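Before any comments, here is the structure.
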Amino acid sequence: MSRNVAVIGAGPAGLIAAHELRLEGHKVVVFEQQKQVGGTWVYTPQTESDPLGVDPVRNTVHSSLYHSLRTNLPREAMGFRVYPFRVNDSEKRDGRRFPGHREVLEYLTEFANEFEIVELVRFETQVVHVGMVMEPDGGSSTKNWRVRSKSKSTPRKRDYSHSDDEMNEEEFVEIDEIYDAVVVCVGHYKEPRVAQIQGIDVWPGKQMHSHNYRIPEPFRDQVVVLIGASMSAADISREIAAVTKQVHIAIRSVDTTRRSTAPSIRPGYDNTWLHYSMIERVHEDGSVVFEDGTVIFAHTIIHCTGYEYHFPFLETNGIVSVDDSRVGPLYKHIFPPYLAPSLSFVGIPWKLPPFPFFELQSKWIAGVLSNRIQLPTAEEMMKDVESFYSKYEISGLPKRLSTIIGLV
Ligand code: FAD
């Protein structure tokens with residue numbers, strides 16, 4: 001059975017989803033708000049108007065990549081199985097096993113061209129609403145979805161002789177369409193999660209989220225505090241240590257015996273301290289007090305505290321929600337039991353090799369949509385999700401970790 005499918009996003013997940021869906025015989029439209037494919041891998045030096053990323057009306061930037069970023073997976077684990085990420089012999093290309101971000105974008109662009117996926121993409125088109133189609137009796141259908149999108153249009157030919165400004169005026173066209181299925185592939189490294197800090201309103205320093213970090217130069221000669229112990233904190237702290245006066249990293253340690261210990265100097269660095277404690281509070285005089293008792297005077301705090309899942313366009317009457325970074329209920333992190341298979345998500349889990357994983361998820365969705373593969377009943381899927389959630393409760397793990405596969 002062939003369906004009309006809307007794929008939202010032309011990052012790695014959307015590209016491979018579009019490919020697999022078309023291979024299965026579906027009719028696919030990919031909506032992409034940016035001008036090109038690649039999603040996160042489209043690096044931009046631009047940052048957001050609110051560096052902390054909390055102002056709801058800030059101008060937003062999709063990618064969180066920093067200028068120097070190299071992959072943290074070897075290229076063998078960063079390709080789709082159908083199109084391995086091989087070393088390109090061209091002199092201009094980055095042949096390293098852990099290549100820089102430009103090489104990944106090249107790879108994705110080549111994949112989209114080679115498999116003619118690019119022809120399915122409506123660029124500069126943002127999906128602003130996805131909702132269930134209402135039945136004539138007022139009930140909602142779980143079979144079809146209304147997708148409203150906003151595209152930048154080419155300015156109409158008109159008489160511009162009166163004003164130069166008018167020529168630059170952006171025009172948007174809204175389109176309302178019905179699809180048999182929607183596959184959400186919008187990524188989850190864009191909406192910052194920030195730490196709450198006592199006294200921050202009167203603290204005179206600057207705050208930002210790692211989403212808006214690009215290069216080390218702005219931090220020259222500064223004392224910088226980073227909050228977080230994951231990949232961005234590790235990368236950014238190492239990079240800025242070369243130009244800053246001091247770097248302090250606040251790490252939330254699961255080992256409670258470490259929390260009261262004094263900060264330790266990071267091996268191999270003479271200006272970086274590891275605090276196995278959070279910031280207790282900050283003061284008007286610029287001081288930052290750690291739970292370990294240390295007091296320092298800092299210029300900037302960088303929140304390397306991760307991201308929230310965010311689907312501002314999606315209206316499911318509460319059937320799918322985000323609760324403490326748990327997106328659910330989703331059967332195997334893909335299908336909402338009571339809306340499957342017409343609504344699905346690619347790319348929700350993290351801490352795994354994303355590209356090959358997206359490919360397997362997409363194959364499953366494509367096969368289910370054509371009825372080649374059967375899902376369990378909605379009740380059976382719901383039972384499976386509930387049993388998964390109860391394992392989290394029993395083990396005492398927070399909900400927000402339920403998108404890491406294999407913890408329970
Ligand atoms: P994205 O790449 O984020 O793409 C989502 C797309 O959806 C974007 O193009 C966006 O414009 C579009 N979109 C969003 N909302 C809408 C809308 N409403 N309408 C239309 N279009 C929309 N992964 C690795 O494999 N290796 C690494 O080394 C690695 N390093 C990383 C480093 C950093 C700093 C970050 C932030 C991530 C890193 N990742 C890495 C993970 C990376 O996010 C994934 O590789 C991959 O880009 C996720 O793909 P995606 O398609 O799910 O999301």
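Quantities reported herein were computed from a predicted structural model and do not represent experimental measurements. Ligands are counted one by one from 1 in listed order, and the atoms in each one are counted from 1 as well. For the numbers below, each heavy atom of this structure counts, side chains included, while hydrogens, waters and symmetry mates do not.
Comment: Glu177 engages Arg122 in a salt bridge, judged by a side-chain N to carboxylate O separation of less than 4.0 angstrom. A salt bridge between Glu217 and Arg220 is present, with a side-chain N of the basic residue lying under 4.0 Å from a carboxylate O of the acidic one. By the 4.0 Å N-to-carboxylate-O rule, Arg102 lies too far from Asp94 to be salt-bridged with it. One finds a salt bridge joining Arg93 and Glu110 here, because a Lys/Arg side-chain nitrogen approaches an Asp/Glu carboxylate oxygen to under 4.0 Å. The residues Lys150 and Glu174 are annotated as not salt-bridged, no charged nitrogen and carboxylate oxygen being separated by less than 4.0 angstrom. Between Lys152 and Glu171 no salt bridge is recorded (no basic side-chain N to carboxylate O distance below 4.0 Å).
Between the side chains of Trp273 and Ser264, not a single donor N or O lies within less than 3.5 Å of an accepting N or O.
Between Phe345 and Phe311, the ring center distance clears the sub-6.0 Å criterion. A distance of 6.0 Å or more separates the ring centres of His19 and Tyr83. A centroid separation of less than 6.0 Å is found between the aromatic rings of His188 and Tyr309.
Taking only non-hydrogen atoms, the option from Val30, Thr40, Leu15, Leu69 nearest to atom 37 (C) of ligand 1 is Thr40.
Note on ligand 1: Gly11 sits in its first shell, one or more heavy atoms being nearer than 4.0 Å. Ligand 1 lies out of reach of Val128, whose nearest heavy atom is not under 4.0 Å from it. At a 4.0 Å cut-off, at least one heavy atom of Pro12 sits close enough to ligand 1 to count as contact.
Taking the six-membered ring for Trp and thresholds of 30 and 60 degrees, His275 and His248 have ring planes inclined between 30 and 60 degrees apart.
Neither the backbone nor the side chain of Ser149 comes within 4.0 Å of ligand 1, counting heavy atoms alone. In Met78, the part holding a heavy atom less than 4.0 Å from any atom of ligand 1 is the side chain. Heavy atoms from both the backbone and the side chain of Gln126 come within less than 4.0 Å of ligand 1.
Annotation: atom 53 (O) of ligand 1 to nearest protein heavy atom, Gly187 CA, 3.2 Å. The protein heavy-atom contact nearest to atom 27 (C) of ligand 1 is Asn72 OD1, 3.2 Å. Among all protein heavy atoms, the one lying closest to atom 52 (O) of ligand 1 is Ala13 CB, 3.5 Å. Among protein heavy atoms, the minimum distance from atom 21 (N) of ligand 1 is reached at Gln33 N, 3.2 Å. Counting protein heavy atoms only, atom 47 (O) of ligand 1 is closest to Trp41 NE1, 3.1 Å. Nearest protein neighbour of atom 9 (O) of ligand 1, counting heavy atoms only, is Glu32 OE1, 2.6 Å. For atom 15 (N) of ligand 1, the nearest protein heavy atom (residue, atom name, distance) is Val186 CG1, 3.5 Å. Of all protein heavy atoms, the one closest to atom 41 (C) of ligand 1 is Tyr189 CE1, 3.9 Å.
Per-residue contacts place Gly9 under 4.0 angstrom from the following atoms of ligand 1 (heavy atoms of the residue considered): 6 (C), 7 (O), 12 (C). Those atoms of ligand 1 that come under 4.0 Å of a heavy atom in Thr125, given as number and element, are 20 (C). Listed by number with element, the atoms of ligand 1 under 4.0 angstrom from any heavy atom of Cys185 are 5 (C), 6 (C), 7 (O). Interface of Phe355 with ligand 1, defined as ligand atoms under 4.0 Å from a residue heavy atom, comprises 45 (O). Atoms of ligand 1 lying under 4.0 Å from at least one heavy atom of Leu73, given by number and element, are 25 (O). Close contacts of ligand 1 with Phe358, meaning ligand atoms under 4.0 Å from a residue heavy atom, involve 48 (C), 49 (O), 52 (O).
Counting only distance, with no hydrogens or angles, the side chain of Ser390 and the backbone of Ser387 share a donor-acceptor pair below 3.5 Å.
Applying the salt bridge (charged side-chain N to carboxylate O under 4.0 Å, His left out) definition to pairs two or more places apart or across chains, none involves residues 196-207.
Not one N or O of Leu65 is nearer than 3.5 Å to an N or O of ligand 1, by distance alone. For Tyr66, no nitrogen or oxygen atom sits less than 3.5 Å from a nitrogen or oxygen atom of ligand 1, counting backbone and side chain alike.
Put simply, the residue from Ile365, Asn371, Ile373 that forms a side-chain contact (heavy atoms from CB on, under 4.5 Å) with Leu369 is Ile365.
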